[in-house]
Amino acid sequence: MKNYEVGKVVTGSVTGIEKYGFFVKLDEYYSGLVHISEISDEFVRNIADYVSVGETIKVKILEINHNDLQAKLSIKNIGYRAKYKRKNRIIETPNGFHTLKENLDLWIEKKVKEISK
């Protein structure tokens, strides 16, 4: 078993997501909860925008109960993953969707030929 202490940043795996937060397995014994209020200083509409089940992330230990093997965790301001999920905005080109309209039939025909080979 690892020696978990308050304030320490450790690695864990996301095991479940609920409306109020998400669960993290720290090792074969310890697990914890990151409450929705400990995800970001900004309003969190959807927790799945921040983490996904099975993902390995860093978490900060806020409280630890060694008797129950449970922890209260946080990902606020710790850089919990190397790359953040950011949804890219679609920027329309000056041509709009004309390129799509002009080439769609050609692209479909080309793909059908590839598949049929």
Side-chain angles (χ1 to χ4, degrees):
M1 268 191 286
K2 292 184 179 179
N3 185 18
Y4 295 115
E5 300 172 7
V6 173
K8 196 172 187 180
V9 176
V10 296
T11 302
S13 177
V14 178
T15 59
I17 298 174
E18 297 292 336
K19 292 179 183 178
Y20 52 84
F22 64 92
F23 295 94
V24 177
K25 181 178 179 180
L26 300 176
D27 62 20
E28 58 191 66
Y29 303 104
Y30 282 85
S31 62
L33 171 71
V34 177
H35 188 267
I36 194 168
S37 64
E38 290 299 329
I39 294 174
S40 175
D41 288 325
E42 297 176 10
F43 179 74
V44 176
R45 181 175 307 280
N46 185 1
I47 295 171
D49 290 341
Y50 294 85
V51 296
S52 55
V53 173
E55 180 179 10
T56 300
I57 63 169
K58 294 179 183 177
V59 292
K60 182 177 182 179
I61 299 174
L62 300 178
E63 291 181 31
I64 188 84
N65 183 324
H66 293 288
N67 293 329
D68 294 335
L69 307 175
Q70 297 289 317
K72 290 183 182 178
L73 307 168
S74 176
I75 61 171
K76 274 187 185 179
N77 306 317
I78 63 165
Y80 64 97
R81 77 160 73 109
K83 296 179 182 176
Y84 293 96
K85 287 183 184 176
R86 292 189 191 232
K87 297 187 179 184
N88 296 332
R89 240 178 107 199
I90 297 174
I91 300 170
E92 189 174 340
T93 64
N95 296 334
F97 291 101
H98 293 292
T99 306
L100 177 63
K101 182 180 176 184
E102 293 166 4
N103 293 311
L104 185 59
D105 291 334
L106 177 66
W107 293 336
I108 291 172
E109 191 176 311
K110 194 175 182 180
K111 198 59 167 175
V112 168
K113 285 180 184 178
E114 284 179 26
I115 293 171
S116 62
K117 285 184 181 180

Do you reckon V9 sits in the same ILVMFWY cluster as L26, going by side-chain contacts under 4.5 Å, direct or chained? yes
salt_bridge(K111, E114) N-O dist < 4.0 Å: yes
Show the nearest heavy-atom pair for residues G54 and S13, with the distance to one decimal. O-OG, 3.9 Å
How about L73 and E38: do any of their side-chain heavy atoms sit closer than 4.5 Å? no
Taking the side chain as every heavy atom from C-beta outward, state whether D41 and N77 have any atom pair closer than 4.5 Å. yes
Please identify which of these residues, V14, V34, I39, meets the side-chain contact (heavy atoms from CB on, under 4.5 Å) condition with V51. V14
Working to the nearest 0.5 angstrom, can you tell me the gap between I36 CD1 and I47 CD1? 4.0 Å
About how many Å separate CG of L104 and CD of E109, when rounded to the nearest 0.5 Å? 11.5 Å
So, for N67 and N65, which heavy atoms are closest and what is the spacing to 0.1 Å? N-OD1, 2.9 Å
In this structure, would I57 and Y20 fall into the same cluster of hydrophobic residues linked by side-chain contacts under 4.5 Å? no
Can you find a heavy atom in the side chain of F23 that is under 4.5 Å from one in the side chain of E18? yes
What are the two closest heavy atoms between I61 and I64, and how far apart are they? CG2-CB, 4.1 Å
Listed by chain and number, what are the side-chain contact (heavy atoms from CB on, under 4.5 Å) partners of K19, not counting sequence neighbours? none
Tell me every residue that passes ring-ring contact (aromatic ring centres under 6.0 Å, His included) with H35, counting only those two or more places apart in sequence or in another chain. none
Do Y4 and H66 pass the side-chain hydrogen bond (donor to acceptor under 3.5 Å, both in side chains) test, and can you show the C-alpha distance, the side-chain angles, and the key distance before you say yes or no? CA-CA 9 Å; Y4 295 115; H66 293 288; over 6 Å; no
For K110, look at atom NZ and say whether over 12 heavy atoms of other residues, nucleotides or ligands are found less than 6.0 Å away. no
For residues 57-71, which residue pairs pass the salt bridge (Lys or Arg N to Asp or Glu O under 4.0 Å) check, not counting sequence neighbours? E63-K72
Using modelled atom types and a 3.5 Å cut-off, is there a donor and acceptor pairing between side-chain atoms of Y50 and backbone atoms of S40? no
Under 3.5 Å, is there a donor-acceptor pair linking the side chains of Q70 and S31? yes
For the hydrophobic clusters of this structure (ILVMFWY residues joined by side-chain heavy atoms under 4.5 Å, transitively), does one cluster hold both W107 and I115? no
Distance-minimising heavy-atom pair for I17 and S52: CD1-CA, 4.1 Å
Distance (rounded to the nearest 0.5 Å) between K113 NZ and I108 CD1: 13.5 Å
Spatial distance of atom CG (L69) from atom CD (E28) [nearest 0.5 Å]: 11.0 Å
Please examine the side chains of T15 and V24, heavy atoms only from C-beta on, and report whether any two atoms are closer than 4.5 Å. no
